[in-house]
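Encoded as structure tokens, the structure appears first; notes follow it.
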Amino acid sequence: MQEKYDHKEIEKKWQKKWQEDNLYKTEDEVKGKENFYTLVEFPYPSGNLHIGHWYAFAVPDIFARTKRMQGYNVMFPIGFDAFGLPAENAAIKHGVDPRKWTYENIAYMEKQLQSMGNSFDWSRKVITSDPEYYKWTQWLFLKLYEKGLAYKKKASVNWCPSCNTVLANEQVVAGKCERCDAEVIQKDLEQWFFKITDYAEDLLSDLDNLKWPEEIKTAQKNWIGKSEGTVLKFEIRNSKSEIKEKIKVFTTRADTLMGATYVVVAPEHPWLTQEILNSKSEIRNKEEIQKYINQTKQKTEIERTNEKKEKTGVEIKGVKVINPANGEEIPVFVADYVLGNYGTGAIMAVPSHDERDMDFAKKYNLPVKEITLDWDLQKFGQKVTKYKLRDWLLSRQRYWGCPIPIVYDPEGKPHPVPKENLPWLLPEDVKDFAPKGESPIATSKELRERVEKIFGEGWKPEYDTMDTFIDSSWYFLRYCDSKNKNEPFDKLRLKKWMPVNRYSGGAEHNTMHLLYSRFFHKALFDLGLVNESEPFIKRMNRALILGPDGQKMSKSKGNVVDPDEMVEKVGSDTVKMYLAFIGPYNETGQYPWDLGGVVGIRRFLERVWKIAAKVNNTPKPPLNLRGGAERSEAGELGVGNKKLENLLHKTIKKVTEDIENYKFNTAISAMMILLNELEKITPHQKSQGEPLTLDMFETFLKLLAPFAPHMTDEIWNSPTSLKLCGANESSIHLEEWPKYDESKIKEENVIIVVQINGKVRAQFEAETGISEKEAQEKALIMPDVQKWLDDKEIKKTIFVLNKIVNFVV
RNA sequence: GCUCGGGUGGUGGAAUGGUAUACACGAAGGACUUAAAAUCCUUUGGUCGCAAGGCCUUGUGGGUUCAAAUCCCACCCCGAGCACCA
């Protein structure tokens, strides 16, 4: 073994060796081993691995490696979420082909990922932009289409004027495009949707069965937005007092019905265009109403939903409605503070019980009626449940995505592309990718000709591509059967792996990817394609790594930490272990990158290296092989080694439990404590120490192996060190995870704290399991205790086994 | 406004009813060195004290308990999600 810990040489060597030995290739079945599926969100091939990727992939690798050593058959796959806008934007800016840009980035990033030394099973790699992959994305889309879960409709949709494409509701954050921050506007367009709303109730109620952080569950609950209420019907009367029809309002407060002094309909309400603005209607201010509707349309979502904005509206003159509870005639307004796409698009206004209605009533001098609440008023309506969740808008007017496998006949009626024509290839003869409001694919001559050739003259292709969140809604299923040429995945094969045991990723996907995947999986379950209704049993959301200045890393701030540079300087093991040490992994906190912390980890590893060398170089007699250190004739360990053995077993327990809970930081600190003790007894340091036994050090190395896989394998296999004891010609990562012995964790002696009125006044050492009586007696004779008791009367004594004697005076 | 997290040394954090500040960083002092780096040793929450030791301290104020960072109530602050959703 070399004197110097040369991370560069070691890491290169072992990465190569692991790859040659196919160490992490996972079979679907291994006799005597239980399968375990641990998943990380696959990256977008942006072209460069940043420190966030390291945090996302290298730290969960600790977990995967541990599980493998614990005897599970672990699948830990990786791939690329390769469709998406950046490729297209690069194409527009630099004139490169998005395909070329993407695949070059993937090649480069794969190299970077290799330098991480993760135990990924690369043989299962998926790339969503590969025709072999998106063929099945299309196939699944058509399955949903056949089931009526994918449909096309004209609707008012979110439009990003900068990306020049529509967006799903989930991709609009505070009225802005999630991608580019441009203000989103509304457009009436014919678009493709998934009927995620059919699953609103299931998506909500099944959350209870998931071992997910509360944070995600509540985010999804908020997003689904269930509310139970009543639909009340108000009869409409025109100026001649004829009853024409009824207008439905949705309310969660039917008990306030007596206080309704007017009704409001949203500007989008179909009743306005179909009846009110109709030439036959007797409305006196049609023009005014039409003008108001037009004004609303021009507003952005932000303008319209700004609460501080003064409310506006127009009375519909010539009709009144009748309160079903008391027969009162009340006016009807159109106002944009009522939303067209929630509830029934109309409300009853109760100014005395609703602030918004009060604001409006004040402005337009409408009456405010004080009332007593009456729960019985519900009988005038019908109980209904409404959700805020909207259908998932899936089409995008962009190029670099999965083509929607639909064609239109000469009448414009949509037809699915037959399965034998899948993959329905993305045309390659598109040159201009600049977004113009229509997909760039519309310029493809090849696609138009392809459609006419297959389907006949006058047939036209669908030009839109799919939202990339569809690609990522089933990638975890494909990992289970990534080479399947006949179907997206084999159901029996899925059974071996699904549902995913552990899934870790970022909080930004709480109401996007995680919601979409659940929907998709539920739909596939109902189609009989998968075996269960939920894909991810346990989800862990990770924290965020900030720049050294505590700010979000960004090129403009100049606080970006380059992982390649760090790996070059201190090694992959150090970078990975530092990230694990920075704080608890399973919390959505934010941790600033701290170079000092990196140094601390590097020091720790250097010390391990040194101790390994010393264990080896110790001359024969003090080096007792295989647990033989300093034993008496009867085979008992000396005092020092016994203490150490006790600490070792405690450390095994702590590290094992902490890894299970993703608390890698405290697992590392436990190993540091152990190392501090190991150093004290190795001969190279304090001469009065006792020799370290080899099997203790081996156990320590195994605990460290998932954290510092390269270095530990090097020590493990070093021909001049541990091999002395006749072992270790194969990887340490194939070793069994150490088990702790409960009997060895037990302390012979414990420190009993003596408290008086809950304050610590003294302590003494006693045998474990000391009785209450004995402990009291021992405590009472202590001078420190007597001093504080001071002849006062002891009213009560509290005894906590092996911990505390507390006298209350 | 509603919902969910969170607030502990100079810093990242540990402890989820039982000795608060583990572990690491930083800082100070020392050893080695011509010197520096590296390494090793010691100290390191505040405060009073020569010392022994005392008192105080987990955002603030109350409460429950023999005992509270931890449980309860109110408030303040930070982060995240939702939000004119009737």
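Labels below follow one simple rule: chain letters A, B, ... track the order of the sequence lines, proteins then strands, and each chain is numbered from 1. Predicted model only: the values in this text are computed from it and were never measured.
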- Query: Pairs in or reaching into residues 251-260 of chain A: which pass salt bridge (Lys or Arg N to Asp or Glu O under 4.0 Å), with residues at least two apart or in two chains?
  - Reply: Arg253(A)-Asp255(A)
- Query: If you draw a 6.0 Å radius around CD in Glu328(A), do more than 12 non-hydrogen atoms from other residues or ligands fall strictly inside?
  - Reply: yes
Distances under 3.5 Å only, N/O to N/O: pair up the protein atoms with those of nucleotides 61-68 of chain B.
residue	atom	partner	partner atom	Å
C66(B)	OP1	Lys796(A)	NZ	3.1
C66(B)	O2'	Asn806(A)	ND2	3.4
C66(B)	O2	Asn806(A)	ND2	2.4

- Task: Name all residues meeting the side-chain contact (heavy atoms from CB on, under 4.5 Å) criterion together with Asp206(A); count only those two or more places apart in sequence or in a different chain, and write none if there are none.
- Result: Asp202(A), Asn209(A), Arg518(A), Lys522(A), Ser533(A), Glu534(A)
- Task: With sequence neighbours excluded, tell me which residues meet ring-ring contact (aromatic ring centres under 6.0 Å, His included) with Trp593(A).
- Result: Tyr578(A)
- Gap between atoms NZ and P, on Lys221(A) and U3(B) respectively (whole Å): 13 Å
- Ile804(A) has a side chain; which of A86(B), A22(B), G18(B) sits nearest to it? G18(B)
- Take the protein atom CD1 of Ile751(A) and the nucleotide atom P of G18(B), then report the distance between them rounded to whole Å. 18 Å
- Closest to the Val800(A) side chain, choosing from G18(B), U19(B), G81(B): G18(B)
- Ion pair Glu201(A)/Lys226(A), N-O distance below 4.0 Å: yes
- Message: Does Lys363(A), at its NZ atom, have more than 12 non-hydrogen atoms belonging to other residues, nucleotides or ligands within less than 6.0 Å?
- Response: yes
- Item | Carboxylate-amine/guanidinium contact Glu774(A) Lys778(A), below 4.0 Å | no
- Task: For Asn541(A) and Thr588(A), run side-chain hydrogen bond (donor to acceptor under 3.5 Å, both in side chains): C-alpha distance rounded to whole Å, both residues' side-chain angles, the deciding distance at 0.1 Å, then the answer.
- Result: CA-CA 6 Å; Asn541(A) 269 9; Thr588(A) 44; over 6 Å; no
- Query: Shortest non-hydrogen contact from Glu228(A) to Thr252(A)?
  - Reply: O-CG2, 3.5 Å
- Going 5' to 3' through nucleotides 5-14 of chain B, assign each nucleotide B (protein heavy atom under 4.0 Å from a base atom), S (under 4.0 Å only from sugar-phosphate atoms) or - (no protein heavy atom that close). -------BSS
- Item | Side-chain donor/acceptor contact of Lys311(A) with base of C84(B) under 3.5 Å | yes
- Output yes when at least one side-chain N/O atom of Tyr337(A) is less than 4.0 Å from OP1 or OP2 of A86(B), else no. no
- Over 60° means perpendicular and under 30° means parallel, so classify the ring planes of Tyr516(A) and Trp392(A), tilted if in between. parallel
- Task: Ignoring backbone atoms, test whether Arg603(A) places a side-chain nitrogen or oxygen under 4.0 Å from the OP1 or OP2 oxygen of U39(B).
- Result: yes
- Would you mind telling me which residue lines up with the more 5' stretch of RNA chain B, Val753(A) or Thr218(A), judged by nearest nucleotide? Thr218(A)
- Query: What is the base-pairing partner of C66(B), counting Watson-Crick and G-U wobble geometry with both distances under 3.5 Å?
  - Reply: G18(B)
- Message: Please evaluate residues Tyr5(A) and Thr574(A) with respect to the criterion side-chain hydrogen bond (donor to acceptor under 3.5 Å, both in side chains), reporting the C-alpha separation (whole Å), side-chain torsions for both, the decisive distance (0.1 Å), and the verdict.
- Response: CA-CA 12 Å; Tyr5(A) 167 38; Thr574(A) 300; 4.6 Å; no
- Message: If you assign each of Ile673(A) and Leu339(A) to its closest nucleotide in RNA chain B, which residue comes earlier from the 5' end?
- Response: Ile673(A)
- Query: About how many Å separate OG of Ser156(A) and CD of Gln186(A), when rounded to the nearest 0.5 Å?
  - Reply: 4.0 Å
- Separation of U19(B) P from Asn802(A) CG (nearest whole Å): 13 Å
- Message: Counting only Watson-Crick pairs (N1-N3 plus N6-O4 or O6-N4) and G-U wobbles (N1-O2, O6-N3), all under 3.5 Å, who is the partner of A35(B)?
- Response: none
- Item | Closest listed nucleotide, where the reference is the side chain of Arg761(A) and the choices are C55(B), U19(B), G81(B) | C55(B)
- Query: Is any side-chain N or O of Asn510(A) closer than 4.0 Å to OP1 or OP2 of C82(B)?
  - Reply: no
- Message: Measuring to OP1 and OP2 of A86(B), would you say a side-chain N or O of Ser227(A) lies under 4.0 angstrom away?
- Response: yes
- Here the distance between atom P of C23(B) and atom CD of Glu679(A), to the nearest Å, is 14 Å
- Taking RNA chain B as the partner, which of residues 595-602 of chain A come within under 4.0 angstrom of it by heavy atom? Gly596(A), Gly600(A)
- Return the nearest nucleotide to the side chain of Trp223(A); candidates are C4(B), A86(B), C82(B). C82(B)
